[in-house]
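Okay, structure first, notes after.
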Amino acid sequence: MSEDYRSMWADLGLDLEAHDALLGVLGKTYQEIYLAQKNRPEAMGYFNFVMSEVHGLRIREIMNEKAAGRKIIGSYCVFVPEEIVLAANATLVGLCSGADFATEDVEKLLPRNTCALIKSSFGFKLGKVCPYLESADMIVGENTCDGKKKAYESLDNLVENLHVMDLPQVKSENGRALLKAEYERFKTAVENLTGVSITVDSLKEAIRTVNAKRAAIHRLCSLRKADPAPISGLDALLANQVFFYDNPARFTESVNKICDELEQRIQEKKGVFPEKTPRILVSGCPQAVPNWKLPMIVETAGAVIVGEESCVGERGTRNLTDESGATVDEMLDAIVDRYFQVDCAIFTPNPERLNHIQQMVAEYKADGVIHYGLQFCHPYLMEAIPVEKALEEKRIPCLRIETDYSMEDVGQLKTRIEAFVEQLR
Ligand code: BJ8
């Protein structure tokens, strides 16, 4: 990394030594998991570049945006509407939370039995190793699960400008009204931060930009229906992860380029694994960068992942926003309609999620489902039990796993996953 980046990280207040250690581990892990794959599409070269510059070039771009007066907003959840952020001439970045860091310090603020994702978000802050978090002018928290809701009360003491968004827990008329009111309040907060009023034109353009990004990912998803699978689950997950922090227009273009190449591969019947490789749908908690543990195990156990029913995946990107509204309010309604369909397990009851899992199994011709639950995540772990039961009633094999970010259980998971893959053959 150039000296130029080091001074940028120092200006952001990062702990350079700890940050070097993080980048070292990240680079090594990426090398061992991603670069070791065979038959990758050439266009994945873009994502290799993005990952090698994840704290470099992208942060430099963000710092340049800030110097030009643009505000940066950080988010932990797919309920934070990027459309509103872009329409106010700001940039939204996802704050990844996919690795353990500064655990001892974190456990002074949060109980040990908190999910790894929440602990990680605190670890990156306390360890001063996330340039996205440090460059953000506003951080958005959301009242989703109890863990996050209560953790934001403590996070409020650690960051300067935390905006907490209330979220409904029930898909009712009242729930929808709450989401609309909260998106209006968020719009005002973003406008106050940026000094930019959202107009019909700016909101329409923002909706189009985010729709284009989602449409590119939809295209990628649908190409994964082919057998042999033209892209690995690891690579598709990476595209879904980069979705959260790359420049939207460049991301859209890069994903479409991969899709062009995948279409060619499908025509030539060229796959990343041989035809008839057991196909797995992963469903459950989000897998944030650099949490690649599960797909690494699955795809080295002789199976291929063909879809992610997850917020870093189809739950997060499904459905476009209607862009035909003639007023800001009409478009806000369309945004609410789109996001209100996200079937996170914090909702009760949440039958749409089970429907979507079954739909995805059929569409992607999955042979089985692995339910991915993070330890101590009550919403997903609880929902996993009826999901597994319903799938098995339909003769769709399901393996329920509960894990964290440590590597301690890799051997045990490998054994269980290999046995599951064997059962699917
Ligand atoms: S819309 S899934 S991104 S809240 S793993 S922190 S649920 S205890 S992440 Fe999520 Fe938004 Fe829902 Fe999606 Fe809590 Fe579970 Fe931890 Fe979780």
Side-chain angles (χ1 to χ4, degrees), residues 74-82 92-100 106 109-125 139-155 163-171 175 178-179 182-183 186 214 237 240-241 243-245 282-289 291 293-294 308-319 335-336 338-350 352-354 356-357 371-385 387 400-405:
S75 133
Y76 292 108
C77 177
V78 299
F79 266 103
V80 179
E82 188 172 9
L92 186 74
V93 289
L95 300 169
C96 31
S97 316
D100 291 329
V106 172
L109 296 178
L110 297 173
R112 282 196 66 197
N113 57 356
T114 303
C115 90
L117 210 140
I118 299 174
K119 277 190 178 172
S120 168
S121 61
F122 272 59
F124 282 123
K125 179 66 206 169
I139 309 267
V140 189
E142 14 58 52
N143 290 342
T144 43
C145 63
D146 285 352
K148 275 183 165 182
K149 212 167 10 198
K150 298 307 286 182
Y152 292 132
E153 291 175 13
S154 304
L155 189 69
H163 174 95
V164 177
M165 189 184 271
D166 199 12
L167 279 192
Q169 316 269 300
V170 179
K171 298 267 173 87
L178 172 61
L179 191 62
E182 284 298 288
Y183 280 2
F186 179 57
R214 292 197 188 110
L237 175 64
N240 275 293
Q241 290 173 331
F243 180 94
F244 289 93
Y245 54 85
V282 171
S283 169
C285 292
Q287 298 168 89
V289 172
N291 176 12
K293 181 163 106 173
L294 178 72
E308 296 78 24
E309 189 285 314
S310 159
C311 280
V312 183
E314 239 173 277
R315 190 188 315 124
T317 55
R318 182 184 292 127
N319 301 319
I335 291 171
V336 172
R338 190 254 157 211
Y339 284 85
F340 202 43
Q341 295 177 67
V342 174
D343 45 8
C344 173
I346 59 135
F347 284 94
T348 179
N350 192 30
E352 295 88 358
R353 181 165 164 244
L354 177 60
H356 278 137
I357 297 172
H371 192 284
Y372 173 77
L374 280 176
Q375 249 168 31
F376 312 120
C377 167
H378 293 122
Y380 284 92
L381 292 178
M382 288 214 182
E383 210 164 274
I385 298 170
V387 162
R400 222 164 8 109
I401 66 163
E402 192 178 324
T403 184
D404 57 14
Y405 291 168

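When a ligand or atom number is given, it counts from 1 through the structure's own listing order. This is a predicted model, so every value here is computed, not measured. These values consider heavy atoms only, across backbone and side chains, with no hydrogens, waters or symmetry-generated copies.
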In a check of side-chain contact (heavy atoms from CB on, under 4.5 Å) between R315 and each of R353, H356, E308, which one passes? R353
Do the side chains of R318 and D343 get close enough for a salt bridge, i.e. N-O under 4.0 angstrom? yes
For ligand 1, protein residues within the heavy-atom limit of under 4.0 Å are C77, V78, F79, C115, I118, T144, C145, K148, C285, P286, C311, R315, C344, L374, C377, Y380
Let me confirm one number: the CD-CZ distance from E402 to F376, rounded to the nearest 0.5 Å. 8.0 Å
So for atom NZ, which belongs to K171, do other residues, nucleotides or ligands contribute more than 12 heavy atoms lying within a distance under 6.0 Å? yes
Non-neighbouring partners of F340 that pass ring pair (Phe, Tyr, Trp, His ring centres under 6.0 Å), sequence neighbours left out: none
Inter-residue atom distance L117.CG - Y405.OH, 0.5 Å rounding: 3.5 Å
